[in-house]
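Note sheet for the following structure.
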Amino acid sequence: MKAYSYFPGCCCDEGTGVAYGISTRAIAAPLEIELRRLADWNCCGSAPMWALDSAEGACASLRNLALAEQAGLDLVTHCSSCYLMLRKAHTVFTRDTALSFQLRRALRSAGLEYGGRVRVRHLAEILLDDLGPEAISRRVRKKLTGLRVGCYYGCQTVRPQGIDHPEFPTRLERLVASLGADAVDFPFKTRCCGASLMFSEDGLALSLVRKILESATARGVQCLVTVCPFCQINLDAFQRHVNGRFGTRFNVPVLFLTQLIGIALGLEPRSLGLEKNIVLPAPVLAAYVG
């Protein structure tokens, strides 16, 4: 069993992505992954904080990196935003001399140092590169045969650099195929879902959600999976609003990849937080549960 420092992030610890945290912890043991929760972690700073004050945003992320460096393990997160912010802080620290000076001073005031030695990784990278689809397939207890799954990547896990090609990613499909499901390609799988615009430009954001759902359902997708908590809640919770605005009838479950893996591993739905999804996936998954 390989061990990692685990950064849960605010959203997946107690926010709208709590089912992501629940299902991640649930699949860790069956997949022989040890996730050691990073002690005394704090918010990664998030994109809004970075936008308002890049030094404060970087400092928030860098404190987590300093704590992780003490643990001596790779730092793993399943949140796409945390993944991007933590990586960005590492890059800023190692390349921007002027800002690095400020950041070092801020860390010293908290009794911390960072030597730039932490490798920030997304959970999907652990599943793909350290474990591998073949190893996951060997642990599958209930093959998801016949289930047509669309992989929605969103922005932050692949842009500017991330777990796969920014425009033509295919790696999540390999994981879905390892579960026995049919990984269905669809044109809008990397288009922005508009999550950050939902409350300021709701018409535009709902239009983006509509286009993604149309693109997926036109290919016969029965459910979507994602590795981003913000994409999940945006595509899941706002389907009703899209239907009301555009007269559509979408009812597409949007699962975290970890939830789908858990079903294939034979775990109980409640242990994966499936009851917390807005569009309940039970009808689509009925043949594979129990």
Side-chain angles (χ1 to χ4, degrees), residues 8-9 11-12 15-24 26-27 47 76-84 122-128 144 147-159 162-179 181-196 198 205 208-217 219 221-239 242 250-264 272-274 276-281 284-285:
C11 177
C12 302
T16 56
V18 66
Y20 200 7
I22 291 171
S23 54
T24 294
I27 67 171
V76 176
T77 183
H78 45 187
C79 173
S80 56
S81 181
C82 296
Y83 174 67
L84 184 62
H122 195 285
L123 178 67
E125 293 178 305
I126 303 304
L127 299 175
L128 283 160
L144 307 181
L147 183 64
R148 294 177 61 81
V149 180
C151 297
Y152 179 69
Y153 288 80
C155 308
Q156 294 174 313
T157 51
V158 292
R159 290 195 286 270
I163 66 171
D164 205 342
H165 191 283
E167 298 296 334
F168 306 104
T170 58
R171 301 185 81 202
L172 293 184
E173 280 85 344
R174 290 184 58 203
L175 288 176
V176 167
S178 76
L179 308 177
D182 297 331
V184 181
D185 190 35
F186 64 101
F188 277 49
K189 67 181 182 181
T190 59
R191 293 292 187 94
C192 175
C193 71
S196 61
M198 191 55 78
L208 293 172
V209 171
R210 175 194 181 185
K211 290 177 180 177
I212 293 165
L213 294 173
E214 281 183 339
S215 176
T217 55
R219 295 292 180 95
V221 162
Q222 294 174 277
C223 65
L224 290 169
V225 294
T226 181
V227 292
C228 174
F230 302 105
C231 296
Q232 193 279 335
I233 193 65
N234 204 39
L235 294 176
D236 187 19
F238 290 98
Q239 285 189 43
V242 169
F250 294 118
N251 189 41
V252 184
V254 184
L255 291 90
F256 294 108
L257 177 64
T258 46
Q259 291 178 310
L260 194 70
I261 291 174
I263 292 295
L272 303 169
L274 284 170
K276 299 184 182 301
N277 293 49
I278 304 298
V279 178
L280 295 177
V284 169
L285 299 177

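Residue indices begin at 1 and follow the sequence shown.
With Asp236 contributing its side chain and Val279 its backbone, the two residues share a donor-acceptor pair below 3.5 Å. When atom types are taken as modelled, the side chain of Gln222 and the backbone of Arg148 share a donor-acceptor pair closer than 3.5 angstrom. A donor-acceptor pair is defined here as one N or O able to donate and one able to accept, closer than 3.5 Å; such a pair exists between the side chain of Tyr152 and the backbone of Cys193. The closest donor-acceptor contact from the side chain of Tyr153 to the backbone of Leu172 lies under 3.5 Å. The backbone N or O of Ile212 lies less than 3.5 Å from no partner atom in the side chain of Ser215, so there is not a single donor-acceptor pair.
By the 30° and 60° cut-offs, the orientation of the rings of Tyr83 relative to His122 is perpendicular.
Atom-to-atom distance recorded for Asn251:CG and Ile278:CD1 is 12.0 Å, nearest 0.5 angstrom. In this structure, CZ in Phe256 is found 7.0 Å from CG in Asn277, a value given to the nearest 0.5 Å. To the nearest 0.5 angstrom, Leu285 atom CG is 7.0 Å from Leu260 atom CG. With rounding to the nearest 0.5 Å, the separation of CD in Gln259 from CD1 in Ile27 is 10.0 Å. Taking OG1 from Thr16 and CD from Gln232, the interatomic distance works out to 8.0 Å, rounded to the nearest 0.5 Å. With values rounded to the nearest 0.5 angstrom, Leu255 atom CG is found 6.0 Å from Leu274 atom CG.
The number of heavy-atom neighbours closer than 6.0 Å to CZ of Arg171, taken from other residues, nucleotides and ligands shown, is above 12.
Val284 places a side-chain heavy atom less than 4.5 Å from the side chain of Leu147. Annotation: side chain of Gln239 is in contact with side chain of Val252 (closest heavy-atom distance under 4.5 Å).
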